[in-house]
Amino acid sequence: DSCDAISVSSLEDVKFDSNNINIIAEGQSNGFAFNGNMVNVGVSNNEIIIHSNHNATLINAYGVSNLTVGGNTLYAVANEVCGISAESSRNIIIEDNKLSIFAVDDGCSAVACRGCENSSIKGNLIHTNVSNPILADGYFNSNSFIVDDGNYNVFFDEKVRLYDLSLKT
């Protein structure tokens with residue numbers, strides 16, 4: 001079984017602001033799921049928490065134009081997890097979010113922009129144990145990462161050299 005808290009398609013000039021979403025699920029789960037034909041979408045100041053025994057994506061956008069995701073607090077624990085995912089979209093801005101993303105298996109990423117035109121990922125605070133904290137086709141800069149005993153190997157190799165995250169995409 002799958003669960004989408006808010007699933008939307010074919011809207012223009014829409015804002016999702018100050019929502020609190022808490023999902024506990026056995027199956028695949030999405031906080032926000034945006035599927036195609038959406039233009040000028042804003043997602044801000046939301047708190048999304050997902051605990052899933054399967055896959056979880058807190059904000060999932062496919063085929064969206066002009067998406068801004070900012071100021072959100074996102075937390076998930078799942079077998080495979082992605083905090084913010086944009087695919088086949090354009091003009092994507094992901095900034096100033098707080099993401100705590102933990103996968104039981106290898107996971108996915110805290111932020112993923114794949115097949116996107118003109119994406120920017122900046123100013124986010126990311127705490128994660130997934131092997132690729134940011135997967136992006138576009139620009140990412142000035143993000144902060146929390147490193148602890150549980151995710152040390154995500155950021156440092158066996159010789160304690162910091163990985164270049166831009167090479168891990």
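Values below: every heavy atom of this structure, side chains too, minus hydrogens, waters and symmetry copies. Residue indices begin at 1 and follow the sequence shown.
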- [ ] Report yes if the side chains of Thr57 and Val81 come closer than 4.5 Å at any heavy-atom pair, otherwise no.
- [x] no
- [ ] State, yes or no, whether a side-chain contact exists between Phe16 and Ser44 at a heavy-atom distance under 4.5 Å.
- [x] no
Open item on the list: Give me the atom names and distance for the closest heavy-atom approach of Ser89 to Gly63.
Closed with: OG-N, 3.2 Å
Task: hydrophobic_cluster_shared for Ile134 and Leu162, side chain cutoff 4.5 Å - done: yes
Task: Over all atoms of both residues, closest heavy-atom pair of Asn143 and Gly123 - done: OD1-N, 3.4 Å
Open item on the list: With rounding to the nearest 0.5 angstrom, report the CD1 to CG distance, Ile84 to Leu58.
Closed with: 8.0 Å
Task: Which residues share a salt bridge (Lys or Arg N to Asp or Glu O under 4.0 Å) with Lys122, sequence neighbours left out - done: Glu95
Open item on the list: Return the CG to CD1 distance between Asn72 and Ile48, rounded to the nearest 0.5 Å.
Closed with: 6.0 Å
TODO: Determine, step by step, whether Glu12 and Asn40 satisfy the side chain to side chain donor-acceptor pair (under 3.5 Å) criterion, reporting the C-alpha distance in whole Å, the side-chain angles of both residues, the deciding distance to 0.1 Å, and the verdict.
DONE: CA-CA 6 Å; Glu12 291 186 21; Asn40 300 329; 5.8 Å; no
Task: Side-chain donor-acceptor contact under 3.5 Å, Gln28 with Asn55 - done: no
- [ ] Indicate yes or no for a side-chain donor-acceptor contact from Ser29 to the backbone of Gly27 under 3.5 Å, with no hydrogens or angles considered.
- [x] yes
Task: Side-chain touch Asn124/Leu99, heavy atoms, less than 4.5 angstrom - done: yes
Task: Common cluster, Tyr152/Ile126, ILVMFWY with side-chain heavy-atom separation under 4.5 Å - done: yes
- [ ] Scan residues 51-73 for pairs that pass ring-ring contact (aromatic ring centres under 6.0 Å, His included), counting only residues two or more places apart or in two chains.
- [x] His51-Tyr75
Open item on the list: When you measure from the side chain of Ser85 to the backbone of Asn60, do you find a donor-acceptor pair of N or O atoms at a distance under 3.5 Å?
Closed with: no
Task: Side-chain donor-acceptor contact under 3.5 Å, Ser18 with Asn45 - done: no
- [ ] State, yes or no, whether a side-chain contact exists between Val154 and Pro133 at a heavy-atom distance under 4.5 Å.
- [x] yes
TODO: To the nearest 0.5 Å, tell me how far Ile50 CD1 sits from Asn30 CG.
DONE: 6.5 Å
TODO: Calculate, to the nearest 0.5 Å, the distance between atoms CZ and OG belonging to Phe155 and Ser131 respectively.
DONE: 10.5 Å
Open item on the list: With heavy-atom distances below 4.5 Å as the criterion, would you say the side chains of Glu80 and Cys108 are in contact?
Closed with: no
Open item on the list: Which heavy atom of Ala103 sits nearest to which heavy atom of Val130, and what is that distance?
Closed with: CB-CG1, 3.8 Å
Open item on the list: If I compare all heavy atoms of Gly150 with all of Asn153, which pair ends up nearest, and what's the gap?
Closed with: O-OD1, 4.5 Å
TODO: Return the set of residues passing salt bridge (Lys or Arg N to Asp or Glu O under 4.0 Å) with Asp13 (not counting sequence neighbours), or none when no residue passes.
DONE: none
TODO: Determine whether the side chains of Asn151 and Asn129 contain a donor N or O and an acceptor N or O closer than 3.5 Å.
DONE: no
Task: Val41 side chain reached by Asn66 side chain, heavy atoms, under 4.5 Å - done: no
Task: Val147-Phe102 co-clustered via ILVMFWY side chain contacts under 4.5 Å - done: no
Task: Side chain proximity check, Cys113 to Ile121, heavy atoms < 4.5 angstrom - done: yes
TODO: Treat each ILVMFWY residue as a node, draw an edge where side-chain heavy atoms are under 4.5 Å apart, and state whether Leu74 and Val77 are in one component.
DONE: no
Task: Identified side chain to side chain contact (heavy atoms under 4.5 Å, CB included) counterpart of Phe32 within the set Val8, Val69, Ile21 - done: Ile21
Open item on the list: Return the OG1 to NZ distance between Thr68 and Lys15, rounded to the nearest 0.5 Å.
Closed with: 8.5 Å
- [ ] Quick one: closest heavy-atom pair of Ile92 and Cys116, and the distance?
- [x] CG1-SG, 4.4 Å
- [ ] Verify, without hydrogens or angle tests, whether Asn79 (side chain) and Val104 (backbone) share a donor-acceptor contact under 3.5 angstrom.
- [x] no
Task: Check: Asp157 side chain, Lys159 main-chain N or O, donor-acceptor pair, under 3.5 Å - done: yes
Open item on the list: Test of understanding: clusters of I, L, V, M, F, W, Y form through side-chain heavy atoms closer than 4.5 Å, transitively. Do Met38 and Ile93 belong to the same one?
Closed with: no
TODO: Would you give the length of the straight line joining atom CG of Asn20 to atom CD1 of Ile49, rounded to the nearest 0.5 angstrom?
DONE: 8.0 Å
- [ ] Find out whether Ile146 and Leu125 are in side-chain contact, i.e. whether some heavy atom of one side chain is under 4.5 Å from a heavy atom of the other.
- [x] yes
